[in-house]
Each structure stands twice: as structure tokens, then as C-alpha cells.
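See structure below.
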Amino acid sequence: MIPKRDNAHWLNDLQSPGEARESALSDLMSLLQRALPAGLSHWLSPDNPLFEDLIADVIQETLMRVINNLHTFEGRSQFTTWAYKIAVRVALNELRHRRWKNVSMDGLEGGDENETSLFEFPSTEVSPEAAVERGDMLAILQRILAEELTEKQRAAMNALMLQGAPLEEVAQRMGTNRNALYKLMHDARLRLKKRLAREGLSIEELLDMFSNK
Amino acid sequence: MKHFLDWLKQIFSPPLQTDPLLPPLIRSLADTKERELTCDEVHALLDQFAEAVRRGEDAARLMPLIQAHLDMCPDCREEYETLLHMMSVPD
Ligand SMILES: [Zn+2]
């Protein structure tokens, strides 16, 4: 039976030297041992020989992070929920990496970012108005992408939206982190959205156009 | 000669193909907001959000910025769902 602790007790026990801390750590370990399989069985079959090792590794890393980050716990959730959140991050990053490490993604690695985007899809030189008259909406959109997105942004979008790669893995290959990559993608989306608005293109109509295909 | 080749290329160039990125990208633009939380900001609030959901509160309405990020970001959404699974295990 794992004794119930409120947040203050968890913090107090984990911060006090000796036996209180040892038993709090061992209780947290038991809770993780019990809860992690419920979360991770959606990712890896519990019958998989790697499953137990994964759980053990995740618990070790989680306990370390919990101890190192105790000062950041603000008590706005239950302590165990906070610890589970940390375990989830550790576990899924490991699983994502295992799943994607051998999958190639074009154009992410390698340093110097070229600000002008080279574009493999044909684009037209006609003005937006003329092209609209020709019904050549695709050409306009492709030109807008070519003009508004850098090669790196474009490559990241391909990996994320077409390959379905996790941000975490794409970020690592780009030499950045997930948070910065999310911001980069948000900036790119906003930029495109504003450009479409300036060109008088309605996203709803564009959505219709693509859903009819 | 070079001009002739260009001319040939133009004549025989395939019809414009749809850039495969366009459909998912346009869909994501529909949900793009001026202000969006980042992954770190969402991670900081994810435990609170999940507890609110488990208490039966309308967390999506109370914390719309978190919900919007979860709808947009597969990494955070997976973490949120995994967290809920873990929380459903009785103590
Ligand atoms: Zn995220």
C-alpha cells in the first residue's frame, strides 16, 4: 500500500535527507511503475521484450528530473500528476526517437540557411489577378509559398505535415529545440495567412478547393 | 541551341502539379491564431489542464489557448493523451 501524501508532504519528504526522502522516492517509483504501462501500452506492446527496460529507464530519468526540478513545482496540480507529466515527456521523446531515428527527412540538416527559397514546383510570372482569371489558383499559391517560406521552413513543414514526423525529432535534426521549432512554424503560418489575406484569398474557399479534389 | 531546348521544355512541361504540402498547410492556416501558446507554455499547464478535464470541467472553454495548441501540435497532444491514460490508473 502506497501511503497518501498531499503536495506539502511530498515536497517535505523529498527535500528532507535520509529515510523520509528514500521512502518518498520509492513510493513515487511504485506509482510510476503502476501508471506508466497504462500510458505506454498505446505505443509499445507490453509483450515487447523492450517494454520493461523502457519503463525502468523512464522511471530512473523521471526521478532524477523530479528531484532537480522540485523548485519549479508550483502546487497547481497534484504532485503525482506533475511527476507523471515529466515521465510522459521522457518516455515519449525516447519512443519518438526510436521510431524516427532511421527515417530520412530532406533538407533539415546542414547549416547555412538560404533566405531565398529554391522551389521545385513550377511557378508562373503572371500577376495574381491574371492568374485568378485563368483559374490558376494553384500557381498563385505555389508562388506564395516559394516567396514566403525559407527552405528550412519548407523542409520542416514537409517533415511535419507530409511525413507526420514529431516536432521533437525534426527540431533535433535542425539543431534546435521543439519550442523554438513550434515558434518558427507559427511565424511561418501567420506570415502565409497574412499574405493570403493581402492577396484577397479566402482560406475557406481554398479549403473547399482542396476538399473537392 | 539553349533557347531551343528551353522552348521544347516549355512545350512539353507537364501540367502544374499540386504541391502536396498545400492541402494540410491550408488546413493548418485556418486554425492559425495571432497568439498561440508554445510547447513549453503548454507543458507548464498540462497537468492542471488534465486534472480539470478529469474533474469533468469544460477545460477547453476555460483554457482555450491550451486546447488550441493541443489541436495544432501532435507532440503535445500525444503527451496529453498519455498523461490522461496514466491518471486513469487508480492509486
Ligand atoms: Zn506543442
Evaluate the criterion side-chain contact (heavy atoms from CB on, under 4.5 Å) for residue pair B:Thr82 and A:His42; output intermediate values, then yes/no.
CA-CA 8 Å; B:Thr82 305; A:His42 298 260; over 6 Å; no
Taking it one step at a time, do B:Gln48 and A:Ser77 satisfy side chain to side chain donor-acceptor pair (under 3.5 Å)?
CA-CA 5 Å; B:Gln48 258 181 285; A:Ser77 67; over 6 Å; no
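A salt bridge between A:Arg96 and B:Glu79 is present, with a side-chain N of the basic residue lying under 4.0 Å from a carboxylate O of the acidic one. Salt bridge A:Lys193/B:Asp31: absent, no basic N to carboxylate O contact under 4.0 Å.
Interatomic distance, CG of B:Leu29 versus CG of A:Leu206, reported as 9.0 Å (0.5 Å rounding). From A:Leu160, atom CG reaches atom CG of B:Asp75 across 8.0 Å, with rounding to the nearest 0.5 Å.
Looking at A:Gln78, the atoms closer than 4.5 Å to chain B (heavy atoms on both sides) sit in the backbone and in the side chain alike. Residue contact with chain B, scored on non-hydrogen atoms closer than 4.5 Å, involves the backbone and the side chain of A:Leu36 alike. Residue contact with chain B, scored on non-hydrogen atoms closer than 4.5 Å, involves the side chain of A:Asn93 exclusively. Proximity to chain B (any heavy atom under 4.5 Å) is restricted, for A:Tyr182, to the side chain, taken from C-beta onward.
Put simply, the side chain of A:Lys85 does not reach to within 4.5 Å of the side chain of B:Met87, judged on heavy atoms. Taking 4.5 Å as the limit, every side-chain heavy atom of A:Leu40 sits out of range of all side-chain heavy atoms of B:Met86.
Counted within 6.0 Å of NZ on A:Lys183, heavy atoms from surrounding residues, nucleotides or ligands total 12 or fewer; the atom is thus considered open.
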